Chemist: 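Can you keep this structure in mind? I'll have questions shortly.
All values reported here derive from a predicted model rather than from experimental measurement. To find a chain, count down the sequence lines: A is the first, B the second, and so on, and within it residues start at 1.
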Amino acid sequence: MAAVLLGNKLHPPVLADHLIARPQLLKLLERGRDAKLILISSPAGTGKSTVLAAWLKQQHSPAAWLSLDQGDDTLGQFLLYLLGALQTLSLGLGDGLLELLRQQDAVNVEPLLIQLSNDFARLDRKVILILDDYHFLSDPKIHSAVEFLLDHLPSQVCLVIATRTDPPLSLSRLRVRHQLLEIRGIDLRFDLAEVTHFLNGSQRLGLSSTAIAHLETQTEGWIAALQLAALSLTERPDKEAFVETFVGSHRYLVDYLVDEVLSRQPAQLKIFLQRMAILERFDTSLCGAVIGQPTDPELLSRLEAANLFLIPLDDERRWYRFHHLFGEFLRHRLMRDEPDLVPELHRRASAWFEHLGWTDDAIRHAFLAGDDRLAARLANDMAAQLAVHWNSEQFTRYFHRLPVALMLLYPRLCLYYGWFLVTTGQFAAFRVALPTLGKSRVHAVEPQTIDAAFLSLQAYAHLHQLEFVDTVLAFQQALDLLECGEQCSSDVEMKLVRIGITTTLGFICPYFDLRRATVLFADNLDQSRQFGSFIGIAHGTVGLARVNHQLGQLHEAGHILEQGLFHFESSRSDLTKRYGAWNVGDLHVGMGRLQYEWNQLGAAEASVRQARASNELYGAAAVLGDELELSLRLALIHGELEAATAALHQLDRLSASIRHHDSLAKQLFEGRTMASRLALVAHLSQSPQTPPDASQAPALPSRLLAEVGDWLRSRQLDVVGLAQSLGGHHILARWLLARDEPAEAATLLGTLITAAQAEDRGDDLIQFLLLLALAFRRLGRQEEAMEALGRALDLGKAEGYCRSFLDLGPEMHILLTQRAETQPTPYLTALLSAFPESGGSAATSEPYRANETTSWAHEALNARENEVLRLLERGQTHKQIARELQLSPNTVRWYMKSLYSKLRVNNRTEALHHARTLKLV
Amino acid sequence: MKPLKRFAPSHYEIQVDGHLDAGHSVWLGQLTLRRGRAVTSLRGALADQAALYGVLSMLQTMGVVLLAVSRLEDTE
């Protein structure tokens with residue numbers, strides 16, 4: 001994605017002095033202000049941009065202008081410029097979204113567009129947004145985004161689209177609703193009076209009315225043709241005769257006229273114009289570079305004054321472009337006259353752009369030069385940059401055009417190509433390309449780093465196909481190689497590779513070796529901090545916390561997450577503050593799961609809300625999945641069956657949307673939906689009251705159980721490959737109990753417990769022991785049940801385990817009561833009082849705290865929100881708060897909104913009241 | 001005076017290969033779809049050249065194979 005936005009694309013064309021005033025058109029446009037969309041659809045050279053620029057000049061409403069070109073024909077690039085254009089208004093529209101887009105691919109843009117439309121809705125006045133040259137866009141994804149934006153556009157915005165061809169938007173719908181103002185060719189056409197005014201007035205040609213009528217007919221009032229005609233006629237003695245000749249000619253009018261105009265220029269100037277036509281836009285310096293000799297600084301403005309179809313792109317008249325139509329004809333002429341020179345011109349342009357660091361333009365011209373070798377070198381230079389702001393759209397664009405053989409010179413490029421193939425699920429292509437790509441090692445300064453990187457790519461490919469043993473093997477080989485070369489290297493790539501490996505290995509290691517995962521994540525976190533990798537820190541934190549949770553070290557997990565959240569919240573970047581960082585939702589949801597286990601339900605709900613809010617724009621599936629699973633459980637505790645089934649439904653849809661080539665994620669998601677089904681079944685079997693629709697009620701649990709059964713059968717679980725079942729055995733054990741097959745469950749759980757113990761899976765161990773206690777109880781083996789329960793209590797006590805007991809319902813309550821009769825402990829008492837059977841409820845029971853823990857309620861508000869709250873307490877208005885905190889009033893309003901939603905209140909009074917009860921102020 | 005070509009509405013027939021889904025008619029404006037054995041023809045009035053090109057580029061985006069575009073004698 002473009003690192004720098006070209007300012008001159010965000011500027012309406014500068015109007016020429018001799019412009020013909022067109023009051024009717026301006027009036028028409030003025031009427032369109034209340035429409036949702038003004039569509040100006042007419043061929044090139046009919047004066048679309050000019051009339052728009054003239055209209056804007058007399059407008060009081062702020063207007064954002066975006067001149068589109070071919071380079072904008074990917075969704076990411078388009079949105080980047082769209083937001084860039086809106087930022088020129090300084091109205092706080094889409095603040096932060098631009099940075100956000102730079103961080104990630106534009107995959108799920110709807111939340112972003114909604115955010116934008118909310119920003120629009122907050123405006124207290126009308127704004128105009130102009131998309132000029134819309135016909136350059138062809139990507140259906142862009143059209144859907146524009147359509148979506150149109151659907152959600154508040155009345156504060158008037159969108160203007162100027163295009164040569166009707167855009168594929170639902171125009172008929174807008175037409176029917178009178179939300180569309182169309183200005184078409186017929187409206188833009190110059191009538192006889194205007195033609196006369198133009199030719200004899202501003203151009204002072206002194207033509208007869210017959211000649212003018214001829215020209216009007218011949219050009220159909222097409223202003224570009226009239227301008228060309230005027231140029232050809234200037235200083236010509238035989239004006240009338242000349243008009244006669246081309247009236248009778250059957251040659252294409254513009255062709256004819258351009259030839260005329262060019263033939264009247266000095267040869268050198270003609271060559272200059274033709275050669276410049278390879279550029280989309282140019283200034284004196286770029287012209288000089290392409291021509292190969294310094295260009296007179298005054299030349300461009302002289303050409304503009306001579307009406308040679310140069311359009312200034314900024315007020316300083318530094319950057320220009322040709323009128324599109326004229327430019328196209330010039331390019332055509334260039335191809336005819338100097339075809340052999342064209343690649344060289346593009347190469348020079350490429351070098352100029354490269355020198356200034358505008359790599360994207362440099363690569364574009366390299367491709368246009370047909371110089372794939374140059375493009376490969378440039379792409380190689382850019383690859384690291386692209387990888388930091390991972391942009392697969394751009395990768396796709398490059399890699400589709402670069403021959404693999406050319407990439408071999410550039411190991412890094414080969415590496416990114418392999419990465420691109422793996423992450424886009426093209427495993428077959430990857431396996432084919434790998435032997436070739438690997439050869440690039442000979443060009444590497446540190447071949448072993450490249451080898452290691454390719455090994456880890458192979459590992460990724462194995463991982464995606466759930467070949468765990470091969471995955472770990474390949475990763476291990478890669479790490480060994482890296483360790484060999486570590487002392488002598490400070491290579492950035494090597495560090496990145498290392499972070500990548502440890503992250504992924506850490507991610508899958510919990511399925512093999514939990515202790516090792518801890519080491520890997522700790523190492524990874526360390527490296528990421530050194531390297532300053534934002535995403536690395538988030539991954540490391542989440543991973544380390546998750547592993548600790550699995551080890552049954554809940555407090556340690558909480559501590560790690562707290563630190564991580566503090567890191568992101570105290571980050572100086574405004575973006576982080578507003579949206580949270582990439583993956584910060586992961587941290588919140590991890591915290592939520594801990595709070596849930598500790599039965600701190602209010603805090604868990606707050607964490608879910610925060611996770612949802614910070615994930616809103618990213619739409620990360622993993623966070624969404626965890627968040628939904630947690631919401632479902634929370635809903636069940638509150639007896640909100642409808643909300644729980646809705647969450648399950650969403651979870652199912654999410655699971656179905658996971659791409660098939662990502663098998664690991666797919667299985668983990670399916671596991672979530674199955675675990676959630678079992679939670680729902682458990683709830684239904686425990687709740688004594690009859691559900692409203694008694695006839696359907698019994699069907700639901702058995703249907704859910706049947707679905708889980710089908711899934712389990714499809715998984716073909718193997719007790720030997722315990723760790724690799726990705727939680728499948730857990731589901732199997734609960735499913736057996738739900739079907740009242742305690743004997744089978746007990747046998748399975750016995751094996752599971754041995755394995756969990758051997759692998760330090762503390763969390764699993766507690767769960768399995770509790771399930772085993774239930775199984776033994778049902779089998780009437782009371783003593784064994786008590787023994788299992790006792791072990792679970794011993795393990796759970798120090799870490800404050802609670803919900804794992806409560807969620808097992810009345811049966812667990814009975815077991816715990818029996819235990820309390822013989823061996824009462826404060827932990828046991830706290831657990832029992834939390835059961836609804838003891839009159840304890842989610843709202844009233846105090847969670848048991850093994851040792852001092854932080855008050856999680858405060859965690860719900862971030863530092864900024866606390867400040868805002870404090871100032872609200874002092875009775876300040878939001879404008880005063882804005883001044884005090886040096887924020888814009890809109891931002892303060894945003895914080896207030898988020899504050900209200902976190903406190904679950906609707907206004908300031910309620911917020912303060914609630915905050916006082918919670919002792920937040 | 002010659003009739004206007006560039007800016008005037010006209011009737012067109014566009015023939016494309018295969019069967020075009022009627023669901024696209026929202027995009028294709030006022031054109032009526034007629035299905036032949038292996039050819040779908042789209043007929044109707046289009047406002048001007050910009051509208052015609054708009055339809056053609058939509059068809060291109062949809063990957064439709066274009067067989068013929070012809071201007072019909074104006075019925076009015």
Chemist: With a 4.5 angstrom heavy-atom cut-off, which part of A:Arg184 approaches chain B: side chain, backbone, both or neither?
Modeler: both

Chemist: Check whether A:Ser41 gets within reach of chain B through its side chain, its backbone, both or neither, counting any heavy atom under 4.5 Å.
Modeler: both

Chemist: Rounded to the nearest 0.5 Å, how far does CZ of A:Arg189 lie from CG of B:Asp48?
Modeler: 12.5 Å

Chemist: Does atom OH of B:Tyr53 have more than 12 heavy-atom neighbours, drawn from other residues, nucleotides or ligands, at distances under 6.0 Å?
Modeler: no

Chemist: Could you check whether atom CD of A:Glu240 has more than 12 heavy atoms from other residues, nucleotides or ligands sitting under 6.0 Å from it?
Modeler: yes

